[in-house]
Amino acid sequence: MGRIVELEAYIGQDDQASHARFGQTARNQVMYGPPGIAYVYLVYGMYDCLNVVTEPAGSPAAVLIRAVDPLEGMDRMRADRLAVEGRRRAARTDAGAALAGDRLARLPDQRLASGPGLVAAAFGLDRTWTGVDLCDPVSPLRLERLAADEVPDVDVRTTARIGVGYAGPDWAARPWRLAVAGHPAVSGPRSAR
DNA sequence: ACAACGATCAACT
DNA sequence: GTTGATCGTTGTC
(Lines give C-alpha, C1' and ligand atoms only; values in the text may rest on other atoms or scores of the structure.)
Protein backbone atom coordinates (compact mmCIF):
# COMPACT_ATOMS: atom_id res chain seq x y z
CA MET A 1 0.00 0.00 0.00
CA GLY A 2 1.25 3.45 -0.79
CA ARG A 3 0.54 6.84 -2.25
CA ILE A 4 0.95 7.71 -5.92
CA VAL A 5 3.47 10.55 -6.18
CA GLU A 6 4.17 10.60 -9.92
CA LEU A 7 2.14 9.86 -13.05
CA GLU A 8 1.76 10.64 -16.74
CA ALA A 9 -1.35 11.15 -18.88
CA TYR A 10 -1.85 9.70 -22.35
CA ILE A 11 -4.96 11.09 -23.94
CA GLY A 12 -6.65 10.16 -27.20
CA GLN A 13 -5.67 8.67 -30.55
CA ASP A 14 -4.10 11.95 -31.63
CA ASP A 15 -1.54 11.78 -28.82
CA GLN A 16 1.48 10.50 -30.74
CA ALA A 17 3.07 9.27 -27.50
CA SER A 18 0.10 7.03 -26.67
CA HIS A 19 -0.31 3.34 -27.40
CA ALA A 20 -3.60 4.40 -28.99
CA ARG A 21 -1.79 6.36 -31.73
CA PHE A 22 -2.25 3.44 -34.19
CA GLY A 23 -5.91 3.04 -33.29
CA GLN A 24 -7.44 0.10 -31.50
CA THR A 25 -5.27 -3.05 -31.39
CA ALA A 26 -5.25 -6.29 -29.43
CA ARG A 27 -2.84 -4.80 -26.89
CA ASN A 28 -4.52 -1.47 -26.21
CA GLN A 29 -8.20 -2.41 -26.47
CA VAL A 30 -8.80 -1.95 -22.74
CA MET A 31 -7.94 1.75 -23.23
CA TYR A 32 -11.10 2.00 -25.32
CA GLY A 33 -13.26 0.56 -22.56
CA PRO A 34 -14.72 2.13 -19.41
CA PRO A 35 -12.47 4.08 -17.00
CA GLY A 36 -11.04 2.85 -13.72
CA ILE A 37 -9.65 -0.36 -15.24
CA ALA A 38 -6.02 -1.54 -15.09
CA TYR A 39 -3.94 -1.61 -18.27
CA VAL A 40 -0.58 -3.36 -17.75
CA TYR A 41 1.82 -3.65 -20.68
CA LEU A 42 5.42 -4.77 -21.23
CA VAL A 43 8.10 -2.26 -22.26
CA TYR A 44 11.60 -2.96 -23.53
CA GLY A 45 10.90 -6.68 -23.32
CA MET A 46 11.52 -6.55 -19.57
CA TYR A 47 9.36 -4.22 -17.54
CA ASP A 48 5.63 -4.21 -16.85
CA CYS A 49 3.95 -0.84 -16.39
CA LEU A 50 0.65 -0.11 -14.60
CA ASN A 51 -1.84 2.30 -16.15
CA VAL A 52 -5.31 3.39 -15.09
CA VAL A 53 -7.77 3.75 -17.96
CA THR A 54 -9.43 7.16 -17.96
CA GLU A 55 -12.10 8.89 -20.07
CA PRO A 56 -15.42 7.27 -21.05
CA ALA A 57 -15.60 4.11 -23.19
CA GLY A 58 -14.72 4.85 -26.81
CA SER A 59 -12.23 7.57 -25.84
CA PRO A 60 -8.80 5.92 -25.45
CA ALA A 61 -6.79 7.36 -22.57
CA ALA A 62 -4.80 6.16 -19.59
CA VAL A 63 -2.62 7.37 -16.76
CA LEU A 64 0.76 5.69 -16.23
CA ILE A 65 1.59 5.23 -12.55
CA ARG A 66 5.28 6.17 -12.43
CA ALA A 67 6.03 6.19 -8.72
CA VAL A 68 4.46 5.20 -5.41
CA ASP A 69 5.52 6.20 -1.90
CA PRO A 70 5.33 2.91 0.05
CA LEU A 71 3.39 3.16 3.32
CA GLU A 72 2.63 -0.46 4.25
CA GLY A 73 3.76 -3.93 3.19
CA MET A 74 7.31 -3.04 2.26
CA ASP A 75 8.48 -6.57 3.09
CA ARG A 76 6.07 -7.97 0.54
CA MET A 77 7.16 -5.36 -2.00
CA ARG A 78 10.76 -6.48 -1.58
CA ALA A 79 9.70 -10.12 -1.95
CA ASP A 80 7.69 -9.33 -5.10
CA ARG A 81 10.55 -7.37 -6.61
CA LEU A 82 12.96 -10.21 -5.86
CA ALA A 83 10.62 -12.69 -7.54
CA VAL A 84 10.26 -10.52 -10.64
CA GLU A 85 13.92 -9.57 -10.92
CA GLY A 86 15.07 -13.14 -10.20
CA ARG A 87 13.58 -14.24 -13.50
CA ARG A 88 16.03 -12.09 -15.46
CA ARG A 89 19.10 -13.73 -16.89
CA ALA A 90 21.65 -11.62 -15.00
CA ALA A 91 20.13 -12.81 -11.70
CA ARG A 92 19.82 -16.47 -12.69
CA THR A 93 23.27 -17.38 -11.38
CA ASP A 94 23.79 -17.87 -7.63
CA ALA A 95 26.13 -14.88 -7.50
CA GLY A 96 23.72 -12.73 -9.47
CA ALA A 97 20.79 -13.66 -7.24
CA ALA A 98 22.78 -12.92 -4.09
CA LEU A 99 23.83 -9.55 -5.48
CA ALA A 100 20.26 -8.64 -6.39
CA GLY A 101 19.07 -9.69 -2.94
CA ASP A 102 21.71 -7.59 -1.21
CA ARG A 103 20.94 -4.55 -3.30
CA LEU A 104 17.21 -4.87 -2.57
CA ALA A 105 17.77 -5.33 1.16
CA ARG A 106 19.76 -2.09 1.27
CA LEU A 107 17.32 -0.15 -0.88
CA PRO A 108 15.43 2.55 1.07
CA ASP A 109 11.66 2.03 1.30
CA GLN A 110 11.03 5.14 -0.74
CA ARG A 111 12.96 3.70 -3.70
CA LEU A 112 10.99 0.44 -3.82
CA ALA A 113 8.44 1.72 -6.35
CA SER A 114 10.33 4.70 -7.75
CA GLY A 115 9.72 4.22 -11.48
CA PRO A 116 7.01 2.67 -13.67
CA GLY A 117 8.73 -0.71 -14.03
CA LEU A 118 9.43 -0.72 -10.31
CA VAL A 119 5.81 0.05 -9.38
CA ALA A 120 4.64 -3.08 -11.21
CA ALA A 121 7.50 -5.16 -9.76
CA ALA A 122 6.86 -3.98 -6.18
CA PHE A 123 3.15 -4.80 -6.44
CA GLY A 124 3.76 -8.11 -8.25
CA LEU A 125 1.90 -7.02 -11.41
CA ASP A 126 2.19 -8.29 -14.96
CA ARG A 127 0.04 -8.14 -18.08
CA THR A 128 -2.46 -10.63 -16.67
CA TRP A 129 -3.66 -7.84 -14.35
CA THR A 130 -5.03 -5.94 -17.32
CA GLY A 131 -8.79 -5.60 -16.93
CA VAL A 132 -8.87 -5.53 -13.12
CA ASP A 133 -11.36 -2.98 -11.77
CA LEU A 134 -9.28 -0.56 -9.70
CA CYS A 135 -12.39 1.17 -8.33
CA ASP A 136 -13.94 -1.96 -6.84
CA PRO A 137 -13.44 -1.75 -3.03
CA VAL A 138 -12.89 -5.54 -2.82
CA SER A 139 -10.45 -5.74 -5.74
CA PRO A 140 -7.00 -7.12 -4.81
CA LEU A 141 -5.58 -4.06 -6.58
CA ARG A 142 -7.46 -0.84 -6.07
CA LEU A 143 -7.33 2.93 -5.84
CA GLU A 144 -8.57 4.66 -2.72
CA ARG A 145 -9.39 8.32 -2.42
CA LEU A 146 -7.95 10.24 0.51
CA ALA A 147 -10.40 12.06 2.72
CA ALA A 148 -10.22 15.82 2.16
CA ASP A 149 -8.51 16.38 5.51
CA GLU A 150 -5.90 13.71 4.73
CA VAL A 151 -4.64 15.26 1.52
CA PRO A 152 -1.09 16.44 2.19
CA ASP A 153 -0.21 20.04 1.40
CA VAL A 154 2.31 19.46 -1.39
CA ASP A 155 3.38 21.15 -4.60
CA VAL A 156 2.63 19.21 -7.77
CA ARG A 157 5.07 19.94 -10.55
CA THR A 158 4.29 19.33 -14.21
CA THR A 159 6.96 18.38 -16.77
CA ALA A 160 7.20 16.77 -20.17
CA ARG A 161 6.63 13.02 -20.23
CA ILE A 162 9.67 10.75 -20.02
CA GLY A 163 10.94 8.62 -22.89
CA VAL A 164 8.50 9.79 -25.56
CA GLY A 165 10.82 11.54 -28.01
CA TYR A 166 9.47 9.34 -30.78
CA ALA A 167 6.18 11.26 -30.55
CA GLY A 168 7.71 14.38 -32.13
CA PRO A 169 8.48 17.73 -30.49
CA ASP A 170 4.87 18.92 -30.14
CA TRP A 171 3.48 15.91 -28.30
CA ALA A 172 6.69 15.14 -26.41
CA ALA A 173 6.68 18.66 -24.92
CA ARG A 174 3.20 18.49 -23.42
CA PRO A 175 3.43 18.96 -19.63
CA TRP A 176 1.51 15.79 -18.86
CA ARG A 177 3.84 14.32 -16.27
CA LEU A 178 2.76 15.22 -12.74
CA ALA A 179 4.99 14.66 -9.72
CA VAL A 180 5.04 15.72 -6.08
CA ALA A 181 7.81 18.34 -5.98
CA GLY A 182 10.88 17.18 -4.08
CA HIS A 183 9.42 13.84 -3.03
CA PRO A 184 12.13 11.17 -2.57
CA ALA A 185 9.99 8.43 -4.17
CA VAL A 186 9.69 10.30 -7.48
CA SER A 187 11.71 8.68 -10.28
CA GLY A 188 14.33 10.15 -12.55
CA PRO A 189 17.28 12.52 -12.09
CA ARG A 190 17.23 14.74 -9.02
CA SER A 191 16.66 17.79 -11.20
CA ALA A 192 13.30 16.41 -12.30
CA ARG A 193 12.05 15.78 -8.77
C1' DA B 1 7.25 -14.10 -42.39
C1' DC B 2 10.33 -10.48 -40.71
C1' DA B 3 12.80 -6.45 -38.82
C1' DA B 4 12.60 -2.53 -35.88
C1' DC B 5 11.69 -0.54 -31.78
C1' DG B 6 10.24 0.79 -27.41
C1' DA B 7 5.64 5.01 -21.78
C1' DT B 8 12.92 1.16 -18.45
C1' DC B 9 16.58 0.03 -15.24
C1' DA B 10 21.08 -0.85 -13.33
C1' DA B 11 25.83 -1.10 -14.02
C1' DC B 12 29.61 1.03 -15.65
C1' DT B 13 33.11 4.89 -17.12
C1' DG C 1 26.80 10.31 -19.60
C1' DT C 2 26.65 5.71 -21.91
C1' DT C 3 25.25 1.02 -22.72
C1' DG C 4 23.41 -3.76 -22.56
C1' DA C 5 19.53 -6.76 -21.35
C1' DT C 6 15.29 -8.82 -23.57
C1' DC C 7 10.79 -9.81 -26.15
C1' DG C 8 5.96 -8.51 -27.48
C1' DT C 9 3.77 -5.40 -30.63
C1' DT C 10 3.55 -3.17 -34.74
C1' DG C 11 4.15 -1.93 -39.49
C1' DT C 12 5.93 -3.55 -43.77
C1' DC C 13 6.89 -6.88 -47.46
Side-chain angles (χ1 to χ4, degrees), chain A residues 4-32 37-55 60-68 77-78 80-93 95-108 110-130 158-179 184-193:
Chain A
I4 296 168
V5 293
E6 179 188 357
L7 54 78
E8 283 173 2
Y10 292 83
I11 311 174
Q13 283 193 177
D14 293 339
D15 181 355
Q16 292 303 298
S18 172
H19 287 174
R21 66 189 180 280
F22 300 123
Q24 192 165 358
T25 66
R27 176 174 65 158
N28 68 20
Q29 62 171 339
V30 69
M31 291 180 74
Y32 287 77
I37 306 298
Y39 169 41
V40 184
Y41 66 86
L42 186 69
V43 260
Y44 299 114
M46 292 186 112
Y47 298 101
D48 290 289
C49 294
L50 171 66
N51 295 253
V52 182
V53 174
T54 58
E55 304 291 316
V63 164
L64 170 67
I65 308 302
R66 288 194 57 93
V68 170
M77 291 183 190
R78 283 194 168 79
D80 282 337
R81 279 197 52 173
L82 200 57
V84 169
E85 291 161 19
R87 269 178 243 132
R88 300 211 257 275
R89 180 191 281 199
R92 265 183 239 154
T93 63
L99 205 64
D102 277 6
R103 197 173 42 70
L104 250 184
R106 287 197 311 270
L107 196 64
Q110 291 189 311
R111 297 261 102 192
L112 281 173
S114 180
L118 303 179
V119 169
F123 283 82
L125 308 176
D126 59 25
R127 286 162 295 163
T128 65
W129 285 79
T130 294
T158 63
T159 73
R161 294 171 291 181
I162 309 266
V164 296
Y166 60 86
D170 179 25
W171 290 99
R174 302 223 173 198
W176 288 354
R177 170 174 176 261
L178 281 67
V186 170
S187 72
R190 211 171 289 274
S191 57
R193 297 177 204 167

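Naming: A, B, ... by sequence-line order, numbering from 1 per chain.
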S.K.: Determine: side-chain N/O of A:Arg103 to OP1/OP2 of B:dA11, distance under 4.0 Å, yes or no.
M.R.: yes
S.K.: OP1 or OP2 of B:dA10 sitting under 4.0 Å from any side-chain N/O of A:Arg81?
M.R.: yes
S.K.: Provide, to the nearest angstrom, the distance between the CD1 atom belonging to A:Ile162 and the P atom belonging to B:dT8.
M.R.: 8 Å
S.K.: Check whether NZ of the Lys or CZ of the Arg A:Arg127 lies under 6.0 Å from the centre of the six-membered ring of A:Tyr39 and within 45 degrees of that ring's axis.
M.R.: no
S.K.: Could you check how far CZ of A:Arg88 sits from C1' of C:dC7, rounded to whole Å?
M.R.: 13 Å
S.K.: Separation of A:Gln16 atom CD from C:dG11 atom P, in whole Å?
M.R.: 11 Å
S.K.: How many Å lie between CH2 on A:Trp171 and P on B:dA7, as a whole number?
M.R.: 16 Å
S.K.: Would you mind classifying the nucleic acid contact of A:Tyr44 as base, sugar-phosphate or nothing, using non-hydrogen atoms under 4.0 angstrom?
M.R.: base
S.K.: Quick one: A:Leu112 CG to B:dC9 P, roughly how many Å, whole number?
M.R.: 13 Å
S.K.: Tell me, with the steps shown, if A:Ser114 and A:Arg111 meet side chain to side chain donor-acceptor pair (under 3.5 Å).
M.R.: CA-CA 5 Å; A:Ser114 180; A:Arg111 297 261 102 192; 3.0 Å; yes
S.K.: Rounded to whole Å, how long is the line connecting atom CD1 of A:Ile65 with atom P of B:dT8?
M.R.: 14 Å
S.K.: Nearest to the side chain of A:Met46 - B:dA10, C:dA5, B:dT8?
M.R.: C:dA5
S.K.: Just to confirm, is there a sub-4.0 Å distance from OP1 or OP2 of C:dT10 to any side-chain nitrogen or oxygen of A:Thr25?
M.R.: yes
S.K.: Respond yes when some side-chain nitrogen or oxygen of A:Arg66 is under 4.0 Å from OP1 or OP2 of B:dT8, and no when none is.
M.R.: yes
S.K.: When the distance from CG of A:Leu42 to C1' of B:dC9 is rounded to whole Å, what number comes out?
M.R.: 13 Å
S.K.: So, is A:His19 near the phosphate of B:dA7, with a side-chain N or O under 4.0 Å from OP1 or OP2?
M.R.: yes
S.K.: So, is A:Tyr47 near the phosphate of B:dT8, with a side-chain N or O under 4.0 Å from OP1 or OP2?
M.R.: no
S.K.: Locate the shortest heavy-atom distance separating A:Ser187 from A:Ala67; write the atom from each residue and the value.
M.R.: N-CB, 4.2 Å
S.K.: Atom CZ of A:Phe22 and atom C1' of C:dT12: how far apart are they, to the nearest Å?
M.R.: 12 Å
S.K.: Under 4.0 angstrom, heavy atoms only, what part of the nucleic acid is A:Arg27 near: base, sugar-phosphate, or nothing?
M.R.: sugar-phosphate
S.K.: Nearest to the side chain of A:Arg127, which nucleotide is it out of C:dT10, C:dG8, C:dA5?
M.R.: C:dG8
S.K.: So, A:Gln13 and A:Tyr32: side-chain donor and acceptor under 3.5 Å apart, yes or no?
M.R.: yes
S.K.: Salt bridge between A:Arg103 and A:Glu85, side-chain N to carboxylate O under 4.0 Å?
M.R.: yes
S.K.: Using a strict 4.0 Å threshold on nitrogen-to-oxygen distance, state whether A:Asp126 and A:Arg87 make a salt bridge.
M.R.: no
S.K.: Check this one for me: any side-chain N or O of A:Tyr166 less than 4.0 Å away from OP1 or OP2 of B:dA7?
M.R.: yes
S.K.: When the P atoms of B:dT13 and C:dA5 are compared, how many Å lie between them, rounded to an integer?
M.R.: 15 Å
S.K.: Searching all strands shown, indicate the nucleotide that pairs with B:dA7 (Watson-Crick or G-U wobble; both distances under 3.5 Å).
M.R.: none
